[in-house]
Asker: 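To start, I am sharing the structure in question, which I have written as structure tokens.
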Amino acid sequence: MKKNLFSLLTLFIFSIQLNAQEKTKPKIVVGIVVDQMRWDYLYKFKSRYGTSGFKRLQNEGFSVENTYINHTPSKTAVGHATIFTGSVPAIHGITGNNWIERFTGKKVYCVADTSVSALGIDNLKKSEDDDGEGGQMSPRNLLVNTVTDELKLATNFRSKVVGISLKDRAAILPSGHSADAAFWYDDNSAKFITSSYYMKELPTWVNQFNQKNEPAKLMSQDWNTLYPINTYVQSSADDVKWEGLFKGQKKSVFPYPLAAIYQADKSSIRSTPFGNDLTLSFAKAAIEGYKLGKGEETDFLTINIASTDYAGHKFGPNAIEVEDIYLRLDKSLGEFFKYLDAQYGKGNYLIFLTADHGVAHSLDFLKENKLPNGQLLTSPLRKSLNEHLESKFKVKGLIEGTSNYSVYFKMDKLEGLDFDKVKSTTISYLEQQENILFAIDVDNVGAAAVPEPLKTMVVNGNNRKRTGHILMVPNAAYLEASRRSGSTHGVWNPYDTHIPLLFMGWGIKPGNTDRIYHQNDIAVTIANLLKIQAPNGNVGVPVLELLSNK
């Protein structure tokens with residue numbers, strides 16, 4: 001009898017010790033980046049959110065209320081690279097979704113890699129969203145490690161890392177150089193694909209998922225508002241002139257006949273709430289396919305919620321469509337968190353949720369409400385600038401291009417010219433344009449009469465091989481856009497750079513801080529929580545209130 005009691009006691013003590021060992025690290029880290037999510041969306045729609053999604057993150061987790069992007073430009077690829085490297089474009093090298101190589105004039109898409117081939121599709125047609133060729137993608141243009149790479153190094157590559165998004169760049173950059181896999185969505189085939197950088201063939205579970213034809217099923221329903229449309233008081237009227245249109249549609253009004261819209265344009269799922277549902281469904285399949293969080297070491301899953309960005313570009317942030325997408329995303333996130341609870345148990349997984357950038361209000365929405373607004377039309381500006389420089393220096397076509405608000409010069413045409421004088425003439429001309437607030441020589445930003453934090457943001461964004469020589473800073477709410485419908489992002493202003501940051505789960509106690517932190521502080525905070533080295537290009541600082549609150 002005593003022997004049995006001793007055995008039971010020993011087993012009980014062992015189980016407590018085992019449980020304590022499990023608690024020393026999370027089974028999985030899930031990094032969720034909601035594309036184009038402004039910080040104020042946490043509060044603008046809060047009364048309409050349920051208790052299991054965004055509110056759960058706020059109530060059970062830790063919120064960093066004043067998280068800002070501290071570089072320019074504020075674009076998708078740049079944001080994802082910054083979040084996961086803890087670095088800035090000047091160091092990590094991802095200076096835009098696209099850029100021009102300063103010294104060669106070569107145009108580059110951020111994750112394009114012609115040395116690899118597509119897996120999962122037979123053609124290499126361009127998708128709606130990228131400027132690369134189908135699946136010929138990899139992280140090779142990223143110059144530093146990610147926190148996911150550091151997790152791999154810390155565990156001698158026993159941890160598994162997977163990245164998922166509708167967008168190639170938003171799957172590839174977060175998961176890093178040493179990821180087991182990154183998967184993104186191909187419009188033409190309506191499948192999730194990858195490249196030969198990661199593997200020789202698609203896993204069986206991916207093929208099985210693709211065979212279910214979930215995109216067509218999701219788009220077989222009409223898109224109606226989740227709640228009665230007259231309750232969407234935080235949004236503009238349903239039929240306004242500044243909203244974009246789906247292909248074949250004459251008005252942007254509910255309900256949307258998605259089956260017909262999808263038949264006319266396979267990429268249309270991206271601009272609906274069902275693109276988010278597709279992404280989270282694939283994320284669950286990846287968790288089960290790779291048995292993430294079931295091994296001895298911590299695994300890492302990165303998820304980009306991209307339909308919020310596509311819808312924001314198409315309809316603008318004040319549209320009922322955008323409000324409805326966030327209300328539906330709130331429900332979908334709640335269901336996903338419950339799935340994680342069931343998979344790992346509460347407190348055994350770590351989640352953080354943030355955004356790559358925000359978005360400006362639609363121009364005609366601002367105009368209707370008597371607020372400053374306007375367009376920065378770079379194509380005619382580039383033409384007039386070239387003509388002005390030609391009249392001054394007798395050289396035709398000195399400007400290579402304007403990308404990411406940067407002016408690139410054709411370096412081979414500058415021979416024999418006083419480059420400083422060319423730059424000062426360019427700056428003088430640009431600053432005379434009514435829609436440009438500043439024009440800055442980025443290699444001499446210290447001498448520029450511009451206030452902080454803008455000066456630091458310019459320095460952080462300036463990679464001397466991948467950015468132009470002159471940065472144009474438009475007036476607030478003056479958008480680099482050729483059309484007035486929908487909206488866009490990319491500048492230093494708070495509407496583009498104030499983003500949410502929430503942590504929940506393993507090692508996190510409820511709380512918040514109003515101290516200012518930055519997008520590049522996220523990776524080192526995760527590294528501190530996991531007790532691993534910060535990424536090798538990190539310039540961020542950990543969120544001390546979160547760590548001291550453990």
Side-chain angles (χ1 to χ4, degrees), residues 34-49 53-54 76 128-129 166 219 221-258 261-262 265 267-277 305-332 355-371 373 375 477 479 481-490 493 495-496 498-500:
V34 183
D35 217 309
Q36 202 185 109
M37 185 176 180
R38 294 163 52 119
W39 166 83
D40 60 338
Y41 288 170
L42 285 174
Y43 298 96
K44 184 177 181 180
F45 308 132
K46 187 170 185 177
S47 65
R48 316 248 311 164
Y49 292 148
F54 290 117
T76 294
E128 172 80 5
D129 182 59
L166 297 181
M219 294 294 280
Q221 57 192 309
D222 286 351
W223 178 12
N224 287 286
T225 52
L226 187 61
Y227 303 109
I229 197 167
N230 63 347
T231 65
Y232 286 68
V233 296
Q234 289 287 57
S235 302
S236 303
D238 191 24
D239 187 12
V240 290
K241 62 183 178 182
W242 55 80
E243 293 182 7
L245 299 169
F246 283 112
K247 187 175 181 180
Q249 300 296 295
K250 295 181 179 180
K251 285 189 174 183
S252 289
V253 294
F254 287 95
Y256 286 96
L258 292 186
I261 290 170
Y262 184 65
D265 179 11
S267 71
S268 59
I269 189 173
R270 294 175 180 263
S271 301
T272 75
F274 308 110
N276 293 335
D277 291 341
I305 301 294
S307 290
T308 44
D309 182 70
Y310 291 103
H313 279 294
K314 183 178 288 292
F315 303 110
N318 298 95
I320 291 174
E321 288 83 352
V322 169
E323 181 175 351
D324 194 64
I325 278 183
Y326 274 91
L327 297 181
R328 289 176 179 273
L329 175 60
D330 178 63
K331 291 174 69 71
S332 298
D356 50 352
H357 54 73
V359 67
H361 292 291
S362 301
L363 294 177
D364 284 323
F365 167 82
L366 294 171
K367 182 179 180 181
E368 185 170 290
N369 290 283
K370 301 179 182 179
L371 293 164
N373 73 93
Q375 289 171 283
L479 310 186
S482 59
R483 64 181 190 276
R484 295 185 69 90
S485 62
S487 192
T488 192
H489 53 85
N493 306 77
Y495 51 75
D496 279 356
H498 190 187
I499 56 174

Asker: Check the surroundings of atom NZ in Lys331: do more than 12 heavy atoms from other residues, nucleotides or ligands lie under 6.0 Å from it?
Answerer: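 Open: at most 12 neighbouring heavy atoms sit under 6.0 Å from NZ of Lys331.
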Asker: Quick check: does any side chain N or O of Asp356 sit under 3.5 Å from a backbone N or O of Gln36, one acting as donor and the other as acceptor?
Answerer: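 Present.
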Asker: Going by side-chain hydrogen bond (donor to acceptor under 3.5 Å, both in side chains), Tyr232 matches just one of Asp324, Asp238, Thr225. Which one?
Answerer: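 In the set Asp324, Asp238, Thr225, the residue that makes a side-chain hydrogen bond (donor to acceptor under 3.5 Å, both in side chains) with Tyr232 is Asp324.
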Asker: Do the side-chain N and O atoms of Ser235 and Glu323 include a donor-acceptor pair separated by under 3.5 angstrom?
Answerer: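 On atom types as modelled, these side chains qualify, holding a pair under 3.5 Å.
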Asker: Can you name the side chain to side chain donor-acceptor pair (under 3.5 Å) partners of Ser236, sequence neighbours left out?
Answerer: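 Partners of Ser236 by the side chain to side chain donor-acceptor pair (under 3.5 Å) criterion come out as none, since no residue qualifies.
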Asker: Any non-hydrogen side-chain atom of Glu368 less than 4.5 Å from a side-chain atom of Leu363?
Answerer: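 No - every pair of side-chain heavy atoms lies 4.5 Å or more apart.
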Asker: Passes side chain to side chain contact (heavy atoms under 4.5 Å, CB included), Tyr310 versus Ile325? Steps please.
Answerer: CA-CA 11 Å; Tyr310 291 103; Ile325 278 183; over 6 Å; no
Asker: For the backbone of Tyr495 and the side chain of Asn493, can you confirm whether one donor and one acceptor N or O come within less than 3.5 Å of each other?
Answerer: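 No; zero donor-acceptor contacts below 3.5 Å.
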Asker: I need the Gln221 CD to Thr272 OG1 distance, nearest 0.5 Å.
Answerer: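 So the CD of Gln221 and the OG1 of Thr272 are separated by 8.5 Å.
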Asker: Relative to each other, are the rings of His489 and His357 parallel, tilted or perpendicular (30° and 60° limits)?
Answerer: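 His489 vs His357 ring planes: parallel.
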Asker: So, using salt bridge (Lys or Arg N to Asp or Glu O under 4.0 Å) as the criterion, who are the partners of Lys46 when residues are at least two apart?
Answerer: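 Partners of Lys46 by the salt bridge (Lys or Arg N to Asp or Glu O under 4.0 Å) criterion come out as none, since no residue qualifies.
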Asker: Is the closest side-chain donor-acceptor distance between Glu321 and Tyr256 under 3.5 Å?
Answerer: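 Side chains of Glu321 and Tyr256: pair found under 3.5 Å.
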Asker: Rounded to the nearest 0.5 Å, what separation is found between the CZ atom of Phe246 and the CG atom of Leu258?
Answerer: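 So the gap between those two atoms works out to 6.5 Å.
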Asker: About how many Å separate CG of Leu42 and CG of Asp330, when rounded to the nearest 0.5 Å?
Answerer: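 One gets 10.0 Å once the value is rounded to the nearest 0.5 Å.
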Asker: Starting from the C-alpha separation in whole Å, work towards a yes-or-no answer on side chain to side chain contact (heavy atoms under 4.5 Å, CB included) for Tyr49 and Tyr326.
Answerer: CA-CA 9 Å; Tyr49 292 148; Tyr326 274 91; 4.0 Å; yes
Asker: Check Ala311 against Ser271 and note the closest heavy-atom contact, atom names and distance.
Answerer: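 Between these two residues, the closest heavy atoms are CB-O, 3.8 Å.
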Asker: Could you pull out the closest heavy-atom pair between Leu479 and Ala360, with the gap in Å?
Answerer: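 Taking Leu479 first and Ala360 second, the nearest heavy atoms are CD2-CB, 3.6 Å.
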Asker: Distance from Phe315 atom CZ to Trp242 atom CH2, nearest 0.5 Å?
Answerer: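 If we round to the nearest 0.5 Å, Phe315:CZ and Trp242:CH2 are 14.0 Å apart.
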Asker: Where is the tightest heavy-atom contact between Arg270 and Leu166, given as atom of each residue plus distance?
Answerer: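 Heavy atoms only, the tightest pair is NH1-O, 3.2 Å.
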Asker: Do Ser485 and Lys241 have side chains that approach each other closer than 4.5 Å (heavy atoms only, starting at C-beta)?
Answerer: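 In short, these two side chains do not touch, never coming nearer than 4.5 Å.
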Asker: Under the side chain to side chain donor-acceptor pair (under 3.5 Å) test, which residues partner Glu243, sequence neighbours left out?
Answerer: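 By the side chain to side chain donor-acceptor pair (under 3.5 Å) rule, Glu243 matches no residue at all.
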Asker: Nearest 0.5 Å, please: how far is OG in Ser268 from NZ in Lys247?
Answerer: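 Rounded to the nearest 0.5 Å, the NZ-OG separation comes out at 10.0 Å.
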Asker: Go through the structure and list residues passing side chain to side chain contact (heavy atoms under 4.5 Å, CB included) with Pro317, not counting sequence neighbours.
Answerer: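 Side chain to side chain contact (heavy atoms under 4.5 Å, CB included) check on Pro317 returns Tyr41, Val359, His361, Ser362, Ser487.
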Asker: One pair to check against side chain to side chain contact (heavy atoms under 4.5 Å, CB included): Met37 and Thr308. What are the steps and the verdict?
Answerer: CA-CA 7 Å; Met37 185 176 180; Thr308 44; 5.8 Å; no
Asker: Would you mind reporting whether Trp223 and Pro255 have side-chain heavy atoms less than 4.5 Å apart?
Answerer: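 Pro255 does not reach Trp223 side chain to side chain.
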Asker: Identify, with sequence neighbours excluded, every residue that meets side chain to side chain donor-acceptor pair (under 3.5 Å) alongside Asn276.
Answerer: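 Per chain and number, Asn276 pairs via side chain to side chain donor-acceptor pair (under 3.5 Å) with no residue.
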Asker: Using the side chain to side chain contact (heavy atoms under 4.5 Å, CB included) rule, take Asp239 and Lys251 through it: C-alpha gap first, then chi angles, then the decisive distance, then the call.
Answerer: CA-CA 7 Å; Asp239 187 12; Lys251 285 189 174 183; 3.5 Å; yes
Asker: Which heavy-atom pair separates Ala355 from Ile499 by the least distance, and what is that distance?
Answerer: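 Looking at all heavy atoms of both residues, the closest pair is O-CD1, 3.4 Å.
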Asker: Considering non-hydrogen atoms only, spot the tightest contact between Ala306 and Asp35 and give its length.
Answerer: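 So the minimum-distance heavy-atom pair works out to CA-CB, 3.9 Å.
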Asker: Taking side chain to side chain donor-acceptor pair (under 3.5 Å) as the definition, give me every residue that meets it alongside Asp40, ordered by chain and number, with sequence neighbours left out.
Answerer: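 Side chain to side chain donor-acceptor pair (under 3.5 Å) check on Asp40 returns Arg38.
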Asker: Rounded at 0.5 Å granularity, tell me how far OG in Ser252 sits from CG in Leu245.
Answerer: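 Rounded to the nearest 0.5 Å, the OG-CG separation comes out at 4.5 Å.
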Asker: Which pair of non-hydrogen atoms, one from Phe54 and one from Leu329, has the smallest distance, and what is that distance?
Answerer: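 Minimum heavy-atom contact is CZ-CD2, 4.1 Å.
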Asker: Would you say Asn369's side chain and Lys367's backbone share a donor-acceptor pair under 3.5 angstrom?
Answerer: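 No, the answer is negative, given that no donor and acceptor are paired below the 3.5 Å cut-off.
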